[in-house]
Amino acid sequence: MDFLSDRIKSMAASATLAMTQKSRELKNRGFDVISLSIGEPDFNTPDYVKEAAKRAIDDNFSKYPPVSGYEDLRAAVCAKFKRENGLDYTPDQVVVSVGGKHSVINVIMVTVNPGDEVIILAPYWVSYYDQVKLAGGVPVIVNTTLENDFKVTPTDLEAAITPKTKLIIFNSPSNPTGMVYTREEMEGIARVVGKNPHVLILSDEVYEHIVYEGEHVSMASFDFIYDRTITLNAVSKSYAMTGWRIGYIGAPVWLAKAVNKLQGQFTSGTCTIAQKAACAAMSYDDGSRDKMREAFKRRRDLICGLLAEVEGVKIRIPQGAFYVLPDISFYLGKSDGEKVINSADDLAFFLLDRARVATVGGDAFGASNCIRISYATSDDHLIEAVKRIKESLKLLK
Ligand code: GLU
């Protein structure tokens with residue numbers, strides 16, 4: 001008897017988490033694996049944030065919190081939106097959830113009907129695709145190319161819109177490409193949304209503080225689409241708080257209310273201690289964000305310089321986030337004498353086996369010629385990892 005639902009059977013496992021799990025298992029078995037798979041800062045949560053969490057425990061913040069988040073946290077989110085993004089939101093437009101990923105599925109679940117189309121710009125973050133399918137939506141992929149800096153043009157976006165389009169998922173700085181859209185490029189996209197009043201846009205801005213060149217622009221700052229934009233963010237990447245699981249949205253009130261209703265049946269309000277920590281994180285700047293960004297920039301320069309010397313690997317220099325997405329199509333169809341590399345995923349597994357370097361194959365990102373490398377790790381690891389990758393790739397003929 002098979003008790004599992006069709007829903008779960010048709011869902012792919014998260015490729016980022018699957019690879020991370022695999023490399024953890026190998027490490028536990030004593031293998032010297034360098035993990036460039038999961039995307040998370042290797043820094044610790046700043047001390048002032050940890051202190052706030054300890055205080056929250058001592059002050060007995062141990063009861064159910066409001067479903068959308070504590071009032072002070074939602075006020076801090078509004079202040080952050082105003083200060084950093086120039087956006088006007090009121091606390092009733094904000095819902096705090098269990099990480100950015102939870103915020104994404106919440107928005108999809110309350111807006112997408114079975115059969116509705118959701119436009120996803122490839123390469124895309126792995127979970128968008130399966131979350132849309134879970135809601136019964138139809139993912140419509142708009143491809144971009146390395147030659148075009150992995151950026152969508154307004155013309156390509158417009159061509160993908162149909163009467164059934166409900167939502168566009170947009171992400172800049174991008175995971176996995178590291179590309180940052182300029183204000184002009186974003187305005188082009190905003191204009192397409194503006195022309196299509198039946199379409200919403202979800203702007204995932206979780207990497208906003210990790211921008212090396214150019215500036216981060218919030219989609220909702222184009223006031224003619226403010227009412228149809230959902231701004232999504234999290235403390236995970238900005239404050240090295242991935243494990244605390246705090247994400248949030250700023251949205252039209254009707255949408256925030258719907259997410260509140262959904263969350264009330266699923267998770268209730270997220271962890272009280274994490275909320276207090278997030279509130280402290282957002283209300284003060286101890287300079288950690290700048291320090292982390294400087295470190296990521298140095299590592300970006302380091303790894304891109306090293307990858308440029310690997311035969312057959314093409315890259316675009318990322319302007320933000322902490323990923324680089326090398327095109328490895330040169331190696332597809334080649335073999336080490338034992339196994340033929342038929343896909344980017346095959347190459348990622350080959351690198352794990354031979355080089356003991358964990359990356360993520362591009363297939364789950366809609367980038368079948370690429371592998372994703374997260375460079376949020378030490379310089380020494382990066383140097384050693386690329387050295388091993390280079391040696392292993394030489395085995396492929
Ligand atoms: N955003 C990170 C990544 O892409 C976290 C892992 C995940 O949830 O996918 O690696």
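Bear in mind that the values here come from a model prediction, so they are computed numbers and not experimental data. Atoms within each ligand, like the ligands themselves, are counted from 1 in listed order.
Considering backbone and side-chain N/O of Trp125, one or more are found under 3.5 Å from N/O of ligand 1. Between Ile38 and ligand 1, no N or O atom pair is found at a separation short of 3.5 Å.
Contacts between Lys101 and ligand 1 below 4.0 angstrom, taking non-hydrogen atoms only, involve the side chain exclusively. Contact annotation: for Phe322 versus ligand 1, there are no heavy atoms closer than 4.0 Å. Using a 4.0 Å cut-off between heavy atoms, Asn175 contacts ligand 1 through its side chain alone, with no backbone atom that close. No part of Met19 comes within 4.0 Å of ligand 1, judged by heavy-atom distances.
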Before giving the answer on side-chain contact (heavy atoms from CB on, under 4.5 Å), spell out for Ile34 and Arg356 the whole-Å C-alpha distance, their side-chain angles and the decisive distance to 0.1 Å. CA-CA 6 Å; Ile34 301 178; Arg356 298 288 177 221; over 6 Å; no

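Every heavy atom of Glu40 sits 4.0 Å or more from the atoms of ligand 1. In this structure, Tyr207 counts as a contact residue of ligand 1, since one of its heavy atoms falls inside 4.0 Å of the ligand.
A cation-pi arrangement is present between Arg191 and Phe224, with the terminal nitrogen or guanidinium carbon under 6.0 Å from the aromatic centre and inside a 45° cone about the axis. The cationic group of Lys276 lies under 6.0 Å from the six-membered ring centre of Phe61 and within 45° of the ring axis, placing it in a cation-pi geometry.
The environment of CZ in Arg388 is crowded: more than 12 heavy-atom neighbours from other residues, nucleotides or ligands sit within 6.0 Å.
Put simply, CG on Asp345 and OG1 on Thr359 are 9.0 Å apart, with the number rounded to the nearest 0.5 Å.
Protein heavy atom in closest approach to atom 1 (N) of ligand 1: Lys237 NZ, 3.5 Å. For atom 7 (C) of ligand 1, the closest heavy atom belonging to the protein is Thr16 OG1, 3.4 Å.
Within the set Ser236, Ser14, Ala15, Gly39, the minimum heavy-atom distance to atom 10 (O) of ligand 1 is found for Gly39.
Near Tyr323, with a cut-off below 4.0 Å to any heavy atom, the atoms of ligand 1 are 1 (N), 2 (C), 3 (C), 4 (O), 10 (O).
Within the 6.0 Å centre-distance limit, the rings of Tyr207 and Tyr323 are counted as a close aromatic pair.
Ring geometry for Phe296 versus Phe43: interplanar angle over 60°, hence perpendicular rather than tilted (30 to 60°).
Between Glu294 and Lys291 there is no salt bridge, since no side-chain nitrogen of the basic residue lies less than 4.0 Å from a carboxylate oxygen of the acidic one.
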